[in-house]
Amino acid sequence: MIRLDKYLADSGFGTRNEVRSLVKSGSVFVNEILIKDPGYKLNPDADEVSIKGRSVEYSEFEYYMLHKPAGVITASRDKNAKTVVDLIETRKRRDLFPIGRLDKDTEGLLIITNDGALSHRLLSPGSHVEKKYAAFVSGEIPDDIETHFQNGIDIGDEKLTLPAGLREITDIEQLLSEKNDSYIRERYTECISKIDSSENKIRIFEITLTEGRYHEIKRMFEALGGKVEYLKRYSMGPIELDHELSPGEYRKLNDEEMKNLLTSK
Ligand code: URA
């Protein structure tokens, strides 16, 4: 059982104060009976709530996939900067947060929800959920870089990084066709024009991590003499970035994705 004011606030009808006024003004019906008490207790699974004849859909949890663009910070709210949650314009819940973080300049898949238990499960150190990224890397890196990633790298933390997968991708065409990502060629061109190409060459790698440390991929390459010029996340556990979403766009997770997410280990 939950209070009517919480039910309405959770469903996106305003702050607790705003929905209290709404209830007191005599606009809210529960099972077709006018209720003016904001503290009225109802069962969200069984009771029907309507406002001026329109029925209210209760959302206990919301789950979105966002194609995070560069320049937006991975946080719920911030006084000065635009956050990934600000991009979810159709959100109903006020308690959304991103699962894990991507750097301000990193693009790609981010799951945004208010399901704390799911977030805990995906992020807890023991769960080893796989995250796949593509990186454009400049600089001199050793030929046996794959072995370094596999064995763990000293990035200045107490412990080496956990074994990570590394696969070199021959060229941008291969990346484009593997990921079906129409934005990636543009990013690659931007990257090439940014570096001094007479000195430097950009190589493309797919990286698979099972942990998430601050700037982890950037620091892994840096420890080996490379520099990550661009980074994008393509998947997190069973969820893959929908290539139909442009950077900045989002959608709700569909039933199949939800099933995979909630039943994944
Ligand atoms: N590793 C990084 O360095 N940055 C990210 O945003 C994600 C992984």
Side-chain angles (χ1 to χ4, degrees), residues 64-76 78 81-88 97-113 119 122-125 127-142 145-146 148-169 175 179 181 183-184 187-188 190-191 194-195 202-241 245 247-250:
Y64 296 95
M65 158 190 308
L66 169 71
H67 186 162
K68 179 193 175 295
V72 176
I73 62 166
T74 307
S76 297
D78 189 275
K82 192 165 200 158
T83 72
V84 291
V85 170
D86 293 334
L87 294 176
I88 313 294
F97 59 85
I99 300 191
R101 64 187 303 284
L102 293 178
D103 298 335
K104 191 172 178 186
D105 60 354
T106 300
E107 295 196 301
L109 173 70
L110 207 51
I111 298 170
I112 309 230
T113 183
S119 172
L122 292 179
L123 298 181
S124 75
S127 67
H128 299 306
V129 169
E130 279 196 353
K131 284 149 284 188
K132 284 195 192 294
Y133 298 80
F136 300 156
V137 181
S138 63
E140 289 291 320
I141 39 184
I145 182 164
E146 207 182 313
H148 287 274
F149 269 64
Q150 189 51 49
N151 292 346
I153 299 171
D154 179 358
I155 58 171
D157 291 348
E158 235 170 70
K159 288 188 179 159
L160 297 184
T161 54
L162 283 184
L166 185 86
R167 179 170 69 94
E168 183 151 14
I169 293 179
L175 180 64
K179 305 294 184 191
D181 178 354
Y183 296 91
I184 205 65
R187 299 293 184 268
Y188 186 70
E190 284 162 9
C191 227
K194 223 172 50 184
I195 63 159
I202 295 276
R203 290 167 69 180
I204 305 172
F205 294 96
E206 182 190 68
I207 302 105
T208 307
L209 292 188
T210 59
E211 60 177 347
R213 302 190 201 174
Y214 182 65
H215 289 341
E216 182 159 4
I217 293 178
K218 291 174 183 163
R219 289 157 73 209
M220 288 166 93
F221 278 101
E222 205 173 289
L224 300 170
K227 177 165 186 288
V228 173
E229 304 285 349
Y230 173 82
L231 186 61
K232 180 162 195 171
R233 181 155 73 193
Y234 282 102
S235 68
M236 182 170 199
I239 306 297
E240 287 189 16
L241 180 65
L245 295 175
E249 287 187 343
Y250 65 92

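Whatever order the structure lists ligands and atoms in, that order sets their numbers, starting from 1.
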Next on the checklist: Has Arg233 got a side-chain atom pairing as donor or acceptor with Leu109's backbone, closer than 3.5 angstrom?
Outcome noted: yes
Checklist entry - Which heavy atom of the protein is the closest neighbour of atom 4 (N) of ligand 1, given with residue, atom name and distance? => result Asp103 OD2, 2.7 Å
Checklist entry - So, is Arg213 polar-close to ligand 1, with some N/O to N/O distance under 3.5 Å? => result no
Item to check | Proximal atoms of ligand 1 relative to Leu231 (non-hydrogen, under 4.0 Å) | outcome: 1 (N), 2 (C), 3 (O), 4 (N), 5 (C), 7 (C), 8 (C)
Next on the checklist: For Leu209, which part has a heavy atom under 4.0 Å from ligand 1: side chain, backbone, both, or neither?
Outcome noted: neither
Checklist entry - Which residue and non-hydrogen atom of the protein lie closest to atom 7 (C) of ligand 1, and at what distance in Å? => result Tyr133 CE2, 3.7 Å
Checklist entry - Among Asp154, Thr161, Asp157, whose side-chain hydrogen bond (donor to acceptor under 3.5 Å, both in side chains) with Arg219 holds? => result Asp157
Next on the checklist: When you compare ligand 1 with Thr106, is there at least one nitrogen or oxygen pair between them that comes in under 3.5 angstrom?
Outcome noted: yes
Checklist entry - Looking at Phe221 versus Phe205, is the centre-to-centre ring distance below 6.0 Å? => result yes
Item to check | Check: Gly71 main-chain N/O paired with Lys82 side-chain donor or acceptor under 3.5 Å | outcome: no
Checklist entry - Quick one: does Lys218 get an N or O within less than 3.5 Å of an N or O on ligand 1? => result yes
Checklist entry - Is it the case that Ser138 and Glu229 place a side-chain donor and acceptor less than 3.5 Å from each other? => result yes
Next on the checklist: With a 3.5 Å distance limit and no angle check, can you tell me whether Thr83 reaches the backbone of Ser76 through a side-chain donor-acceptor pair?
Outcome noted: yes
Checklist entry - Can you tell me the protein heavy atom closest to atom 1 (N) of ligand 1 and the distance? => result Ile217 N, 3.1 Å
